[in-house]
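What follows is one structure encoded as structure tokens, with my remarks underneath.
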Amino acid sequence: MTTTRPKQEFRIVLVDDHPVFRKGLVELVHSEPDLVVCAEASDAASGRQAVAREQPDLVVADLSLGRGSGLELVKDIRQQHREVRVIVVSMYDERFYAERALRAGADGYITKAEAADRIVEGIRTVLGGGVYLAEEWASRLLQRGLRGGDGTSDQPEQNLSDRELEVFRLIGEGYSTRQISDKLQRSPKTIDSHREHIKQKLGDLDNSALIQRAVSWYLQSSGTELAREAPERDES
């Protein structure tokens, strides 16, 4: 018996540094008759290579990657492959990253806590040319005027630049300056400069207060009561 293939098959690249989550997402995508995962990547560099090589219809990307920046990856895809749709699937709550992801060029934002059918719904909405957000958050963004705001927020952390917020998040996860430098592929001097800017923007914090603030923010944004196991700290 010959299996009839769909008339159109949408090709998807997955970029996520958690193999177990990627495996589950592959199985979810392949359960749909017209969706196929054509490539997987665990970091920003290999993600860029996969998109350039495969020219997919859609990229599903996490923000927290093994190396490189998920937000920068989204920006690069939007600049270099404008026809490719992008949806972010992240562990972080919408109120902390959804607007940034859309500003970077994403077409949708879903948290990893969402049910499988919501993820498929999001993928299909974005493939169909729409923008996908949780209904509550979409309403908030419409009320605030995503494109017409003044760039300020009543949450000081949201006034950090994209790069500063990434450094702040990694501080909260327990990474040292050297480890953040390696993870984001930027020099330690650049990371130190970001730390100083962050401390100033959050109220002239000292190093101890910065770490406490970053840990608290990370726990809140990721919806966890205990931080996931962080790498061993070094003194640099």
_Rounded to the nearest 0.5 Å, what separates atom CG in Leu35 from atom CZ in Phe10?_
7.5 Å

*Heavy-atom pair with the smallest gap, counting every atom of Ser69 and Arg163*: CB-NH1, 3.8 Å

*Which heavy atom of Gly66 sits nearest a heavy atom of Lys183, and at what distance?*
O-NZ, 3.2 Å

*Given the rule in the side chain to side chain contact (heavy atoms under 4.5 Å, CB included) test, do Leu28 and Leu25 qualify, once you have shown the distances and angles that lead to the verdict?*
CA-CA 5 Å; Leu28 177 64; Leu25 195 52; 3.9 Å; yes

*Hey, does the side chain of Arg195 reach the backbone of Phe168 with a donor-acceptor pair shorter than 3.5 angstrom?*
no

*Report yes if the side chains of Gln55 and Glu83 come closer than 4.5 Å at any heavy-atom pair, otherwise no.*
yes

*Between Arg67 and Asp182, is there a salt bridge with N-O shorter than 4.0 Å?*
yes

*Considering all heavy atoms of both residues, which atom of Leu205 and which atom of Leu210 are nearest to each other, and what is their separation?*
CD1-CA, 4.0 Å

*Could you state whether Val36 and Val13 fall into the same hydrophobic cluster, counting links through intermediate Ile, Leu, Val, Met, Phe, Trp or Tyr residues with side-chain heavy atoms under 4.5 angstrom apart?*
no

_Any donor-acceptor pair under 3.5 Å from Thr125 side chain to Glu121 backbone_ = yes

_Looking at every heavy atom in both Arg11 and Cys38, which two are closest together, and how far apart are they?_
NH2-CB, 3.6 Å

*Is there a donor-acceptor pair under 3.5 Å between the side chain of Arg100 and the backbone N or O of Gln158?*
yes

_Taking the side chain as everything from C-beta on, heavy atoms only, tell me whether Ser181 gets closer than 4.5 Å to Thr190._
no

*Atom CD in Glu173, atom CD in Gln179: separation rounded to 0.5 Å?*
11.5 Å

*Rounded to the nearest 0.5 Å, what's the gap from CG on Leu127 to CG on Leu58? Could you check?*
5.0 Å

*Are any of the side-chain nitrogens in Asp34 or Arg124 under 4.0 Å away from the carboxylate oxygens of its partner?*
yes

*How far apart are the C-alpha atoms of Glu72 and Leu184, what are their side-chain angles, what is the distance that settles it, and do they pass the side chain to side chain contact (heavy atoms under 4.5 Å, CB included) test?*
CA-CA 10 Å; Glu72 292 298 320; Leu184 296 182; over 6 Å; no

*Taking all atoms of both residues into account, what is the closest heavy-atom pair of Ile110 and Arg118, and its distance?*
CD1-O, 4.0 Å

*Charged N to carboxylate O below 4.0 Å: is that the case for Lys23 and Asp16?*
no

*Begin with the C-alpha distance, continue with both residues' side-chain angles, and end with the deciding distance and a verdict on side chain to side chain contact (heavy atoms under 4.5 Å, CB included) for Phe21 and Asp62.*
CA-CA 10 Å; Phe21 181 79; Asp62 195 359; over 6 Å; no

_Residue pair Ala101 / Val74: nearest heavy atoms and the distance that separates them_ = O-CG1, 4.3 Å

*Would Tyr175 and Arg169 count as having a side-chain donor-acceptor pair, cut-off 3.5 Å?*
no

*So, do Asp43 and Asp17 sit near enough that their side-chain heavy atoms are less than 4.5 Å apart?*
no

*Which distance, rounded to the nearest 0.5 Å, do you find between the CD of Gln220 and the CG of Asp93?*
8.5 Å

*Is the closest side-chain heavy-atom distance between Phe96 and Tyr218 below 4.5 Å?*
no

*Decide side chain to side chain contact (heavy atoms under 4.5 Å, CB included) for Ser31 and Glu27; before the verdict, give the C-alpha distance in whole Å, the side-chain angles of both, and the deciding distance to 0.1 Å.*
CA-CA 6 Å; Ser31 69; Glu27 292 177 354; over 6 Å; no

*Would you say the side-chain atoms of Asp107 pair up with the backbone N or O of Val86, donor to acceptor, closer than 3.5 Å?*
yes

*Roughly how far, to the nearest 0.5 Å, is CZ of Arg78 from CZ of Arg82?*
6.5 Å

_Name of the residue among Thr111, Leu165, Asp162, Leu102 meeting side-chain contact (heavy atoms from CB on, under 4.5 Å) with Tyr97_ = Leu165

*Would you say the side chain of Asp57 lies within less than 4.5 Å of the side chain of Ile12, judging by non-hydrogen atoms?*
no

_Straight-line distance of Gln79 CD to His81 NE2, nearest 0.5 Å_ = 10.5 Å

*Using modelled atom types only, decide if a donor and an acceptor are shared between the side chain of Arg85 and the backbone of Gly129 within a distance under 3.5 Å.*
yes

*His30 side chain vs Val37 backbone, donor-acceptor pair below 3.5 Å*: yes

